[in-house]
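In this text the structure is predicted, and so the values were computed from the model without any measurement. Whatever order the structure lists ligands and atoms in, that order sets their numbers, starting from 1. The basis for the numbers below is simple: all heavy atoms, side chains too, and nothing from hydrogens, waters or symmetry mates.
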Amino acid sequence: MSTETDTSASPSSSDKGQALLEFRKVNTHYGAVHILKDVDLEIYPGELVCLLGGNASGKTTTLKALLGMVKPTSGEVVLNGEVVNNQPISYRVSNGVTMVPENRRLFKRLSVLENLMLGAYLRNDKAGIKEDLEYIYDLFPRVKERLTQKSGTLSGGEQQMVAIGRALMSRPKVLLMDEPSMGLAPALVQQNFELIEKINNEGMAIFMVEQNANMALSIADRGWVLQTGMVVLNDSAEALLANPEMRAAYLGEA
Ligand SMILES: Nc1ncnc2c1ncn2[C@@H]1O[C@H](COP(=O)(O)OP(=O)(O)O)[C@@H](O)[C@H]1O
Ligand SMILES: [Mg+2]
């Protein structure tokens with residue numbers, strides 16, 4: 001909960017140092033359709049940030065442009081201070097960005113271990129890979145018990161752990177997550193947010209798109225709100241939770 005957050009973990013913007021990942025006035029188009037409009041955003045090391053907004057507001061497009069699946073028509077995507085507009089996904093993954101896609105997208109006929117190893121496909125440091133597998137087994141003992149099982153036979157909660165584990169196998173500095181609670185049984189949604197909080201507490205920066213604004217803001221440091229491709233709000237999670245405009249539009253209070 002934000003009330004229990006150590007404020008030293010979310011310093012003011014003046015003393016945060018260099019952002020891990022940024023948008024500077026990013027615009028994107030699908031064909032002639034203008035989607036993101038002059039979007040500025042930044043994610044600092046160790047932060048848990050959420051991106052909120054209604055359907056079709058451009059949230060997934062934002063994640064895709066950060067990872068390199070969508071190319072901006074203008075503006076800059078900046079990773080560790082370097083403009084990466086012309087760098088492919090593989091370069092960005094190797095330099096610390098990775099995504100847990102919408103609906104988790106596991107290879108259902110592959111085993112749990114095979115799925116995890118796919119996350120390490122750009123690496124060849126065997127010792128490091130082994131170390132990271134052990135880290136994931138510590139984090140998710142359930143995953144370790146199911147290594148040889150086909151991923152499609154896992155429960156939704158277990159699939160989420162494998163999807164996060166696979167993303168962690170690229171040793172990211174920042175994890176992009178697209179609607180991680182979508183499609184999970186209601187009882188698992190709380191568990192899902194606890195899991196995300198736990199990974200963030202381990203020091204991982206997380207940029208999370210969520211429909212579940214209340215729960216997302218209850219664990220986040222900061223949040224952005226997109227409306228038809230424009231940033232309309234950008235504030236601390238606490239301030240957003242208290243914002244009347246926000247409460248009316250996204251937190252279920254008419
Ligand atoms: N590949 C695509 N081609 C054309 N239009 C797209 C494509 N992907 C998304 N869109 C459109 O772009 C807008 C923003 O989509 P998206 O970023 O997926 O929104 P969100 O994730 O906020 O729901 C929507 O109107 C959507 O229909
Ligand atoms: Mg989306």
Would you say CD of E245 has more than 12 non-hydrogen atoms from neighbouring residues, nucleotides or ligands within 6.0 angstrom? no
Among all the protein's heavy atoms, is there at least one whose distance to atom 14 (C) of ligand 1 comes out below 4.0 Å? yes
Under 4.0 Å from atom 27 (O) of ligand 1, is there at least one protein heavy atom? no
Find all atoms of ligand 1 within a distance of less than 4.0 Å from any non-hydrogen atom belonging to G54, and give their numbers and elements. 22 (O)
Nitrogen or oxygen of I35 less than 3.5 angstrom from that of ligand 1: no
Hey, can you tell me if W224 and F207 have their rings parallel, tilted or perpendicular (30° and 60° cut-offs)? perpendicular
Starting from [atom], locate the nearest protein heavy atom and write down its residue, its atom name and how far away it is, to 0.1 Å.
{"atom": "atom 4 (C) of ligand 1", "value": "Y30 CB, 3.4 Å"}
{"atom": "atom 18 (O) of ligand 1", "value": "T60 CB, 3.6 Å"}
{"atom": "atom 25 (O) of ligand 1", "value": "A56 CB, 3.7 Å"}
{"atom": "atom 16 (P) of ligand 1", "value": "T61 OG1, 3.6 Å"}

Answer with yes or no whether the side chains of [Y] and [X] bring together a donor and an acceptor at under 3.5 Å.
{"X": "E82", "Y": "Y91", "value": "yes"}
{"X": "T60", "Y": "D178", "value": "yes"}
{"X": "Y135", "Y": "E202", "value": "yes"}

Calculate, to the nearest 0.5 Å, the distance between atoms CE and CG belonging to M208 and L63 respectively. 11.5 Å
State whether N55 contributes an N/O/S atom found under 2.8 Å from the Mg ion (ligand 2). no
Any G53 heavy atom less than 4.0 Å to ligand 1: no
Going by heavy atoms in the side chains, are N27 and K37 under 4.5 Å from each other? yes
